[in-house]
There are 2 protein chains.
Amino acid sequence: MATPKIEEFTNEEIFLADTAKALSHPARIKIMKLLSELNACVCGELVNLLPLAQATVSQHLKELKRVGLIQGDIDGPKVCYCVNVEMLQKVTSDFQNYFSKLNKREKISCKPKTK
Amino acid sequence: MATPKIEEFTNEEIFLADTAKALSHPARIKIMKLLSELNACVCGELVNLLPLAQATVSQHLKELKRVGLIQGDIDGPKVCYCVNVEMLQKVTSDFQNYFSKLNKREKISCKPKTK
DNA sequence: TTTCTCTATCGTATATTTGCGATGAACGAT
DNA sequence: ATCGTTCATCGCAAATATACGATAGAGAAA
């Protein structure tokens, strides 16, 4: 089974994991960066800026759209993609919160013989 | 091919994507949280705290260890896991930096007819 | 209408991920 | 030396992810 038993995890855990999954490929990390720098970008332009075929880029865009990090707006025959500001802010603050909690406790470390 | 053409991406993009991949499962999100809260944790205890079999938990721990987010130290027959503070701090600041750059530009949004 | 461009989706191939039972290795205890 | 505990790894099955060529559909342009 590749299906995780998500029913045992909290919504927050699932949300963070799902968002991390959307960012778990260099192409998608780069797409977010490009869309931010260019403010918005037509799909075909992204294809030129990435070492991937058009069909593959389209799939990566779909994954980012799935979690709401970007949105695509039809502009004639083209599609103009841009960052979804609200979602990006939510993701930013949720991860900031997650990491800051993780960073709180660690003072004592394990014993030295690392496996 | 499931192999991304990573040779075309920067080391930073690959690092962020790889770290996100390590956090792209609710169990691993939760393991980080548990290790932080408990300061350290024997593997068997994590198995009790997660809805997964021992073999599966061990695999998730391996993935987190792969990217250096945790370390496991042998304690007799048991293994004590804990957060790798240095790596966690690096990851935290790298993601903070990434997100803050993404948040800079978005003022103008796309046209309204979302696809 | 016909043609061209642009992009999403389909179909396919391959690789990876997820999960778990079973096994083995390491260690402490008896 | 033997047994029990703990955990990593193996082996397998099923689901996902990645990549791309081919195709379809929507619109612009002729």
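The analysis underlying the following values was restricted to heavy atoms, covering all of them including side chains, and did not include hydrogens, waters or symmetry mates.
Minimum atom distance to the side chain of B/H25 is reached by C/dT18, of the listed C/dT18, D/dT9, D/dT18. Among D/dT18, C/dT17, D/dA19, the nucleotide with an atom closest to any side-chain atom of A/T56 is D/dA19. Among the nucleotides D/dA19, C/dG19, C/dT9, the one closest to the side chain of B/H60 is C/dG19. Comparing D/dC20, D/dT18, C/dG21 by their closest approach to the side chain of A/R28 singles out D/dT18. Side-chain proximity of B/K21 to the nucleotides C/dT7, C/dT17, D/dT9 is greatest for C/dT17. Side-chain proximity of B/K78 to the nucleotides D/dA19, D/dA8, D/dT6 is greatest for D/dT6.
Along DNA chain C, the nucleotide nearest to B/R66 and the one nearest to B/A55 differ in position, and the one closer to the 5' end is contacted by B/R66. Nearer the 5' end of DNA chain D, as judged by each residue's closest nucleotide, is the contact made by A/Q59, out of A/Q59 and A/P77.
Look at CG on B/D75: it is 13 Å from P on D/dA8, rounded to the nearest Å. Rounded to whole Å, the distance from CD1 on A/I31 to P on C/dT7 is 13 Å. Nucleotide C/dT17 holds its P atom 11 Å from the NZ atom of B/K62, rounded to whole Å. Rounded to whole Å, the distance from CD on A/E8 to P on C/dC20 is 11 Å. Going from atom CG of A/L64 over to atom C1' of D/dT18 covers 14 Å, rounded to whole Å. The distance from atom CD of A/E63 to atom P of C/dT17 is 15 Å, rounded to the nearest whole Å. The nearest whole Å value for the distance from the CG atom in A/L52 to the C1' atom in D/dA17 is 13 Å. Note: NZ (B/K65) to C1' (D/dA8) measures 8 Å, nearest angstrom.
In this structure the side chain of A/E45 never reaches within 4.5 angstrom of the side chain of A/K78, judged on heavy atoms.
If you check every strand for non-hydrogen atoms under 4.0 Å, B/V47 touches nothing. Residue contacts for A/V42: at a heavy-atom cut-off of 4.0 Å it reaches the sugar-phosphate backbone alone, with no base atom in range.
Among B/N84, B/L88, B/L64, the single residue meeting the side chain to side chain contact (heavy atoms under 4.5 Å, CB included) criterion with B/I70 is B/L64.
Clustering ILVMFWY residues whenever any of their side-chain heavy atoms sit less than 4.5 angstrom apart, transitively, puts A/V79 in a cluster other than the one holding A/V42.
Regarding contacts with the backbone of C/dA8, a side-chain N or O of A/Y81 is found under 4.0 angstrom from either OP1 or OP2.
Note on ring orientation: taking the six-membered ring where Trp is involved, the planes of A/H60 and A/H25 are tilted (angle from 30° to 60°).
In this structure, NZ in A/K30 is found 9.5 Å from CG in A/L52, a value given to the nearest 0.5 Å.
With hydrogens and angles left out, the side chain of A/Q54 and the base of C/dA8 share a donor-acceptor pair within 3.5 Å.
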